Structures are given as structure tokens and as C-alpha cells.
Amino acid sequence: MSNEHTVNPLSIFIVWDQDFSDGIFLADQVYSLLSRSVDNPTERGIGIPVDYVNDPQQRMNFSQNALNLVFILIDDYFIVHKNEWEKYINLLDAEKNELIVIPFAFECRPFDIFTRFNNTNFVVVPTNNKTEYFQFIVSYEVSRAINQINNKTKDINLFLSHNKSTGEGIVEKIRSEILRSTKLNTFYDKHDIPYGDRFDMKIYDSIKESIVIVFLTDGFSSRDWCKREIIAAKENERPMILLDFYEEGEARLFPYLGNVKIISLNPKKIRYYKLLTAILIENIKIEYNSVHTKYLIDLLKISNKNYKIMNQPPELLTVLYHSQSENLSYIYPEPPINNDELEIISKIVDKKNYTTPIMFSTTKSTESLLNKNLKVGLSISYSSDSKRIDTLKIQDIITNIVRYLLVLDSSIYYAGDPNYNENTSFSNILLNIEDKYYNHRNRAKNNLILVLPKYVQKNIKVKQLNYLKQYADIINIEYEGDKDIQKDLFLTRKKLSEIIDFHIIMGGKTSNFEGEYPGIITEFMNTYEEKKPIFLIGGFGGASKIICDIIQGEIHSDLNDKYFYKSLLNIDIGNLNNGLNKEENELLMTTKDADIIVVLLLKGIKEIYK
């Protein structure tokens, strides 16, 4: 691939012994914090790649990342299986790629057991408040890692902005707990401005290097220095979080306190690690957005370099500092702000200059695809043997793919059963993406089309059917004769391949499937026979990996008697007609990196329709 020198800025690896009962729960906590919610896969997350390792024979690819952060969760089972895990840990030392390894001790004493960790400071996780403490340490170390990527000091500084007359007590209380229980630094003017120094310069210099924590207590907005601190934070694009401790409120709220996260707190019941994790996650969102947006632009080889990355959505205060004469594109974090906000901004500047990473990356690299009304077939399902992390990543990848396709105003055709699983069926994931992010655009058409067999439609309840029809068109596969599931599936899959312009294929059951053969293999063969472009994503196993293996020359002797096997043997990668060369297709067939998958899809689609 032409982007071989562009590496992902950061990846996180969670390592634990498979017998550690809390291992998968803690790993899921990290995934939800830093990548995407495991319970709500269509929610926008930070998007940092997270991988799971619970087998010492499992190897991870560190070479595609600028920095790798490895959290090792050590419990008694990890120590019992010391011989296997020591080999794994020692291999980390042999890595030539940039690694940061953080060991955690869970109700055990591993300090003199693993040679690699002699003289290493462990994170000793308390038995009380275990989850919140773990989340805090993870968010703290990720913040430090991102600072390292950005060539900043790894120390995390909190600037405590407050009204002395009403907020000093709560600031003292929280600051004392931070200094007692964490390695965070605080700037508190009462203690941190040396006698004889200019307090204005000291305050401004500190804000430039800090996360700004605003203590909203009565009268905050009436204090001149409080307002100056807010403006300085906005001018320097610093992460800012508001803590609501109001009792009576304000006569007039300072107008520029908006556009940032606010947390309401009871001063008598503060859960400190939960609070600090929320603060650090906001910091990570902002700091990671900058490096990740630059990474996407480099991956897509966007020729337009006339852009500036913003850490927050545009607002009246910040747009005043932006140059309009240079015609810059200002890229702010997802999601897009609504048209009402943009209309207000347009009274000062050209609103067209403000965009999100997806909009910028897509329109600048694939603007020729707009208004093509592309019909995209998705054949994506979970593999029979999918690991937990692979299931999460498949959901993440499909969410990212669909968001890009909808930005291009493509029509997406999917033949999955909405009743398969209420929370994780891809039909429902697709509908949720359309509902949450794109339906507000009031298009004259639905961009989601469900191609459903007769037997599936008969099992859909009226209430669910009404919901489906709000966001999707439904193509009915009708035929004469009695109910026949095999015929239903055959006609549905054939119809899908006839309608679409190109096909994206990933995952797929290899056992316990409905129909005579695995559905994804049948759909692949149908589209191939139609001579339409096909994108094969094989890194997550299943039927799509079998297709990729056979096309690349691997032997599957157990499939010798299957009708499709010899047909697949005769397929050359070049006959996929997807605009990608052999090297790029082989990468698409093996990678698990969501960004690389999206980039290859966009590159191939653009080449097809140039």
C-alpha cells in the first residue's frame, strides 16, 4: 500500500490470563472508555485501537503503531502460569517498536516473580473501589502517552479556576485529595505563584500547559480574573471541564463558558476517581483528535494541505481568531454541529470552512463520488468462532464504513435478519447510525435498504416493522409457492447481487448457518458471477477468511467436495475489479485496522468511478 510509512499514532493492548475472572470485564472497561461503547456500538467513541491478549501464545503486531501502550493485568492465575507468561513478557523487551508497559497487581504480590519487572513500580489495585481506580490509572497513562506523541511533557497538569469568595473551600478539598491520591499536578494560585512573580504571566503560562478545571460556584461569572482565565483557555484551545457546584446560581452566566463538558456534583458525595477519569477522558478526546485527524489525512494522501485542526467545535469566540483570507479548512471533532449553529457562525465567517475529519477526509479525497447514487451491498456477519474483541471491532468497523458511505449519499443494501439479535444485529446497528447521525439531513430518500426474505418478514412484528420503515426501504422477495427457507435465501442473495454496484464482504458463519452453504460465500459467488467489484475483509475470520485464503492459494482440504471450492480456486485477486492492486487487496484481506480498511475502501471506490 502506498501508505506504508504512515503509522497509527497509538494502540492499546490489554493482557491478562484467561482464568482471571475479572479480565474480560476490565478489558471491556478500557475498550468502552477509549474506543467505543461495548453496549452501544453506534455511539461515537474516541476511537483509539484496543486489542485483547489472554493467551501467552498470542502475538500482537506493534509495527503499525507509533506508540504501543501495554497494560498487563497480573493476578494469582497469571503467577500460576508464570512460565508461559514470562516468555511472553520477555518477548516485549525484544521488540524494536516503541512500547510502554504498565503492570497492574490484582490481589497478589508479583514484584519479585517476573524478571522483566524487577525494580518496576507496579500499579497496586485496591480491593475497594477497584473498577474506578483502574479506569483512572488507565486514563492517566493514556493521557501521558498522548502527551509523549505530541512531544509534550508527560506530566498531567490541572489548572483550578475558581471564585475565591465562594469556591475556595471546595477547591481546597478536591486539590488535597488529588495530591494525596494521584500523581496529577495542580496549579492553584494560592499556593503556586511564588512571591515577587507576576501572577498574570504565571497564570497564562500555566493555562497553556494544563487541563482547565472550572469550579462553577455562585458569582464565578462576575469575577474578572475568572473570565480572563476562560478566554485564555479558549484562545489556547485547552481542554476545559466545568464542575457545577452552584447553590443559588448566577445573575448572568459568562457567555463563553459553553461548548465544553459540564459535570454536576454534590460536594458531600464526590467520587474522586470517577471525577478525575471523566476529566482525563475529555483531555484524551481533544488531544487524540489532533493526532488522529492528521493520521487520517496522511493515510488518504489528501493533496490539500490548507487546513487547521481544532480541538473543539467552532463557536463565536474562537472563530474570531481564524484567518478567512487564507481560505483554510478548520477541522473540528466529530460529530458535525447542526445547521442552526452554523448559520450563526456564518454571520461572521464562511461556514463552509468548518468541517469534521470524516467530512474533510471524504469530500477532499472522494468528492468525485458525490451524487453518484452508489448502491453498496453489505454482507457482514459475525463469524462462528469470533473472539470478543473481534466482535467489538467488527461493530466498530461497520459503523465507520457506513458513516463514510452515508456521507457520500450512497444507498446501502443489507440482507440481514433484524430479529437475529436485538442489540447486535447489523440491521439494527445500521438503523441506529442513520437515526443518530444522518436522518436530520431531511433527504428525500432512505439510504438504507433491507432486502428481506419472505420468511424473515413474516416474523417481524408490526411495531418493529413500522420502526424499520422510518429509516429504511424494504425490498420484498416474493415468489409463487409454499414457504421454503432455502428458496427464500437463494432468491434474496441473488437479488442483492443484481441490484448493487459493488459488494463489501466481512466475517460470516462457517457452521450453524441457514441455507445449503455459508451465506457470505454464496453472496460472494453471486456478485463475482455478475462481474461487479468486491472488497474482501478477511482479518476477522469466518467465511470471508476462507474465501481470502483460497484466492491466495491456501489449501482447505475439508472443502474439496463443496461446489464452490473449485470455483474459488480459479479466482485471481485481479478479477475482484475493486480498483485495488494485489498488495492492497492482500492488506485488506488480513488487516484488522479500521482506518486502513476505510482508506482502502475509499481508495478502491474512487479508482472504480474516477
Side-chain angles (χ1 to χ4, degrees), residues 41-42 373-383 386 391 394-439 443 445-457 459-460 464-465 467-477 488-509 513-515 518-527 530 532-537 540 542-544 597-598 601 605:
T42 61
N373 192 27
L374 298 177
K375 299 179 178 65
V376 185
L378 290 183
S379 288
I380 296 180
S381 64
Y382 303 107
S383 306
S386 287
T391 298
I394 289 172
Q395 293 172 354
D396 183 39
I397 288 169
I398 189 59
T399 299
N400 282 326
I401 289 173
V402 171
R403 284 165 59 192
Y404 275 87
L405 292 175
L406 289 177
V407 165
L408 293 173
D409 206 24
S410 302
S411 295
I412 298 171
Y413 290 75
Y414 182 68
D417 184 353
N419 290 319
Y420 172 71
N421 183 298
E422 183 178 350
N423 295 318
T424 61
S425 81
F426 285 110
S427 297
N428 290 325
I429 288 175
L430 296 175
L431 289 164
N432 286 337
I433 296 170
E434 171 72 2
D435 181 13
K436 287 184 178 181
Y437 307 131
Y438 296 97
N439 195 53
R443 291 186 301 266
K445 64 170 183 173
N446 282 325
N447 285 61
L448 299 180
I449 296 92
L450 301 180
V451 186
L452 300 181
K454 181 189 287 186
Y455 83 92
V456 169
Q457 289 200 49
N459 292 327
I460 298 176
Q464 184 185 14
L465 187 61
Y467 170 71
L468 293 176
K469 288 182 176 180
Q470 287 183 56
Y471 305 109
D473 291 337
I474 297 177
I475 294 180
N476 303 308
I477 306 300
D488 264 0
L489 290 170
F490 172 80
L491 291 174
T492 300
R493 290 164 178 159
K494 192 172 188 313
K495 182 70 171 178
L496 178 66
S497 296
E498 290 172 351
I499 296 172
I500 61 176
D501 295 319
F502 63 89
H503 213 150
I504 299 171
I505 293 175
M506 179 169 66
K509 289 184 177 181
F513 48 82
E514 293 178 314
I520 274 184
I521 292 179
T522 304
E523 290 170 15
F524 168 81
M525 292 302 298
N526 287 343
T527 304
E530 292 280 341
K532 292 180 178 177
I534 302 172
F535 295 91
L536 285 168
I537 303 168
F540 298 95
S544 62
I597 289 170
V598 171
L601 289 175
I605 295 167

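Keep in mind that the numbers below use all heavy atoms, side chains included, and drop hydrogens, waters and symmetry copies. Everything quoted here is computed from the prediction, not taken from an experiment.
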* Partners passing side-chain hydrogen bond (donor to acceptor under 3.5 Å, both in side chains) against S497 (at least two apart in sequence or in another chain) -> T527
* Structure fact -> d(D473 CG, Y413 OH) to nearest 0.5 Å is 8.0 Å
* To do: Could you go through the side-chain contact (heavy atoms from CB on, under 4.5 Å) check for I397 and F540 one step at a time?
  => CA-CA 11 Å; I397 288 169; F540 298 95; 3.3 Å; yes
* Any side-chain heavy-atom pair of L405 and I504 under 4.5 Å -> yes
* **For E498, all residues meeting salt bridge (charged side-chain N to carboxylate O under 4.0 Å, His left out), sequence neighbours excluded** => K494
* Structure fact -> Test side-chain contact (heavy atoms from CB on, under 4.5 Å), reference I412, set L374, N447, L406, output is L406
* **Residues forming a ring pair (Phe, Tyr, Trp, His ring centres under 6.0 Å) with F535, sequence neighbours excluded** => F502
* Structure fact -> Contacts of D396 meeting side-chain hydrogen bond (donor to acceptor under 3.5 Å, both in side chains) (sequence neighbours excluded), chain-then-number -> R36
* To do: State, with a plain yes or no, whether a side-chain heavy atom of I500 is found less than 4.5 Å away from one of V451.
  => no
* Asked: Roughly how far apart are S411 OG and I499 CD1, rounded to 0.5 Å?
  -> 10.5 Å
* Asked: Could you give the distance from CG (N526) to NZ (K495), rounded to the nearest 0.5 Å?
  -> 13.0 Å
* Those residues that, when tested against D501, pass salt bridge (charged side-chain N to carboxylate O under 4.0 Å, His left out) (two or more places apart) -> none
* Reported CD1-to-OG distance for the pair I505 and S544, which is rounded to 0.5 angstrom -> 8.0 Å
* **Validation row: D409, N373 side chains within 4.5 angstrom (heavy atoms)** => no
* How many angstroms lie between atom CG of L536 and atom OG of S379, to the nearest 0.5 angstrom? -> 10.5 Å
* Sequence neighbours left out, what passes side-chain hydrogen bond (donor to acceptor under 3.5 Å, both in side chains) with K375? Give chain and number order. => none
* To do: Would you check if L378 and L430 make a side-chain contact, meaning some heavy-atom pair closer than 4.5 Å?
  => yes
